[in-house]
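What follows is a set of notes on a single structure, which appears directly below.
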Amino acid sequence: MQLSVRQKNAALLPLVRRATDCIVRQVSADPRYAADMRPDEFNDLIVGSISACGDSVRAMIDAHDRMYGTGSGEAFLLGPYLDVLPAAVVKQVRVRTPAR
């Protein structure tokens, strides 16, 4: 049975959330994080967190590859996902982490 784009996106969404949640946890736990950081100052923290979240990021990439074709997962990670990730991380870290 062939899945619709809507069904594929619904199946992929929990994996995207899991990867993003991991990155948010890593950023908020980073000793370099401060509540008064500007959004553009989060980039190094996000980059540093990706390796610690490798399993969940890899699961997202692999699922994308299975649903949309080989190589699509990495393209998704480096394109649409990274395009929105900084804003999502900034928003979620500020909601989850009290000022220090």
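Quantities reported herein were computed from a predicted structural model and do not represent experimental measurements.
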Legend entry - Any donor-acceptor pair under 3.5 Å from Glu74 side chain to Gly71 backbone: no

Legend entry - Atom of Ala75, atom of Pro80 and distance for their closest heavy-atom approach: O-CD, 3.7 Å

Legend entry - Minimum heavy-atom distance Ala52-Cys22, with the two atoms named: O-SG, 4.3 Å

Legend entry - Heavy-atom closest contact (Met67 atom, Lys8 atom, distance): O-NZ, 3.0 Å

Inset, instruction - Using a cut-off of 6.0 Å, state whether more than 12 heavy atoms not belonging to Asp62 lie near its atom CG. - result: yes

Legend entry - Glu41 side chain to Arg38 backbone, donor-acceptor under 3.5 Å: yes

Legend entry - Gln92 and Asp21: CA distance, side-chain angles, deciding distance, side chain to side chain contact (heavy atoms under 4.5 Å, CB included) verdict: CA-CA 9 Å; Gln92 291 181 44; Asp21 287 346; 3.6 Å; yes

Legend entry - Gap separating the OH atom of Tyr68 from the CG atom of Leu12, nearest 0.5 angstrom: 6.5 Å

Legend entry - For the student: nearest non-hydrogen atoms of Gly73 and Asp65, plus distance: N-OD1, 2.7 Å

Inset, instruction - Give a yes or no answer on whether the side chain of Ser72 reaches the backbone of His64 with a donor-acceptor pair at less than 3.5 Å. - result: yes

Inset, instruction - For the residue pair Val90 and Arg94, establish whether any side-chain heavy-atom pair is separated by less than 4.5 Å. - result: yes

Inset, instruction - Determine whether Leu78 and Val16 fall in the same hydrophobic cluster, where Ile, Leu, Val, Met, Phe, Trp and Tyr are linked whenever their side-chain heavy atoms lie under 4.5 Å apart. - result: yes

Inset, instruction - Report the distance from atom SG of Cys53 to atom CZ of Arg58, rounding to the nearest 0.5 Å. - result: 14.0 Å

Legend entry - Distance in Å, Ile23 CD1 paired with Ser56 OG, rounded so as to fall on 0.5 Å steps: 6.5 Å

Inset, instruction - Write down the atom of Met37, the atom of Arg32, and the distance for their closest heavy-atom approach. - result: SD-O, 3.8 Å

Legend entry - Minimum heavy-atom distance between Val27 and Ser49, given as atom pair plus value: CG2-OG, 4.1 Å

Legend entry - Validation row: Phe42, Asp30 side chains within 4.5 angstrom (heavy atoms): no

Inset, instruction - Using a 4.5 Å cut-off on heavy atoms from C-beta on, say whether the side chain of Arg18 contacts that of Leu15. - result: yes

Inset, instruction - Consider only side-chain heavy atoms of I, L, V, M, F, W and Y, link residues closer than 4.5 Å, and tell whether Ile61 and Val47 are in one cluster. - result: no

Legend entry - Cluster overlap Leu82 with Phe76, hydrophobic side-chain contacts below 4.5 Å: yes

